[in-house]
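Structure first, then comments.
Lettering of chains follows the sequences in order, A, B, ..., and the numbering in each one begins at 1. Values reported hereafter were calculated over all heavy atoms of this structure, with side chains retained and with hydrogens, waters and symmetry mates removed.
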Amino acid sequence: MSGFGSKRKERFLGALPSASLEGDGDLLTEKCKFNFAYFTVQSAGQNFDDWEGDDLCKLFHCLKEYSKFTLDHWSREGVLKIYRDFPKNSEFTHPPYIPHEVWWGRFRLASAVRLAGFVVPGAFHGKEHPKTKRLFDCNTFYVTFLDANHLFYKTEKK
Amino acid sequence: MTDFCTKSFSWDPEANILVENYYRNGMDSEFYVEFYHDKAEYRYELTVNRTHVVREVIYRTLKKKTRLIERVGNEIVYATKPLEELKKLRLRKNVSIISLANQYQSPGLESVYKFFSLIATNVNWAGLRDQWVTIENAAALMKEQPTFLKFAADFIRKCDIGISNILIHEIEDKEGDKTPFPIFVHKVGGKDEAVIDEFESSGTKALFRFLGIYKLMLDTGGVLALDEFDINLHPHILPKLVNLFLDPKINKNDAQLLFTTHDGKILDLLGKYRTYLVAKEDNESFAYRLDEVGGDIIRNDRPLFPVYDEGKIGGVPRL
């Protein structure tokens, strides 16, 4: 058969998308998301401008890696820790515009560097917001603070 | 290729072989055909240019694949015992060994010859033959074969185009030669109205011209290869034509229909294993069967037409 092949055909077929949303070839719905809409800066934390270029690069590499799997996966791996309540012994305070029901937690980036934020509790899974009519998403981590000095949950060992 | 395999022995010894390659680049053209016939699987390979045959090989698979015969230039370099007779014959540079074997009634390649001789097509070496079957040809065939006329009339009646019957009449010229022609009968207000082909719709005429050949192929178990088989036909009629070959009660002799069309909606009747798309890049065309498309962009539980129509699997112009 080799004498009758077509390189152009092979190239063309090789360049076609091979995955689809509902197929087995891609598990898009399993991949967690990071949302920065609730991000804020408090004195214990930092803004993006405060981080060196290298640290920002590392942050994005980590986000890319973490977004490959579910939040549950990273909980099991110990990279994500969900405290549920806002830590009592924290240098940060609960921003008043963040809904009271959320579960607080943090992603570990490097030795003492943390991304602090929250998730929507599992009880909201599949529920529709009464006004927007959109579903709550429990597989998104809402980044609220950059915590380079591990001050969000101070009792945790450094 | 059909003509080459079955009729090339009757060509002038110096005649060109009717093959046009890619912008006449001077290179040889390579073809292969795989087919089942008489309970065996065959593969015929041909390398050829305008002046001569470079190579022909025929394989047959019963339990295992066997090379039956191989010809290089004008020499048979390999032949199984039953085909050794052919070695004694003088090969001509523009004649296929299949046509040669048939001419001398040399045994061993009858099935291969029969397969090629049972191909009917509206394509020749230069492309689509517009007037492959004329109204007059079709009328003559149906005059000769009343069952063909009945087949065509029944089919056309079911297509809801207002025809209640088709009659074949004859017109006689001064020399007494009779030429058959069709009369299309329309039922209008309970009364039969006769319409000759000049005034009949293009779709009805297209069906009339080709249905006799459809019937012939269904009866003989041949291969009907039609380029643009849907010209002048309503898209809803295409599945009815395809179903003539899919319905085992109608297609009792394993006839096959190969066709090209620009009507993508037929994709979902055919499915991915029976559909080739042809794409073109830099003026080079290539074809691929839809089960060659990798990944899960094509799924058995989803219709094919939407992914094709959105251009996701190629075969649509980039407008």
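At a threshold of 4.5 Å between non-hydrogen side-chain atoms, the residues B:Ile297 and A:Ser20 do not count as touching.
Closest heavy-atom contact between B:Phe286 and A:Ser6: CB-OG, 4.0 Å. Closest approach of B:Asp296 to A:Asp24, counting heavy atoms only: OD2-N, 3.0 Å.
Residue A:Glu52 places its CD atom among 12 or fewer non-hydrogen atoms of other residues, nucleotides or ligands, all under 6.0 Å distant. With a 6.0 Å radius and a threshold of 12 heavy atoms from other residues, nucleotides or ligands, A:Lys31 has its NZ atom above the threshold. Within 6.0 Å of OH on B:Tyr78 lie more than 12 heavy atoms contributed by other residues, nucleotides or ligands. With a 6.0 Å radius and a threshold of 12 heavy atoms from other residues, nucleotides or ligands, B:Lys280 has its NZ atom at or below the threshold. For B:Lys65, the NZ atom is densely surrounded, since the number of other residues' heavy atoms within 6.0 Å is greater than 12. Remark: B:Leu62 CG is packed, more than 12 non-hydrogen atoms of other residues, nucleotides or ligands lying under 6.0 Å away.
A salt bridge links A:Lys9 to B:Glu292: one of the charged nitrogens lies within less than 4.0 Å of a carboxylate oxygen.
The line from CZ of B:Arg302 to CD of A:Glu22 is 4.0 Å long, rounded to the nearest 0.5 Å. Note that CG of B:Leu277 is 8.0 Å distant from CZ of A:Phe12, once rounded to the nearest 0.5 Å. To the nearest 0.5 Å, atoms CZ (A:Arg8) and OH (B:Tyr288) are separated by 13.0 Å. Put simply, CZ on B:Arg289 and CG on A:Leu13 are 12.5 Å apart, with the number rounded to the nearest 0.5 Å.
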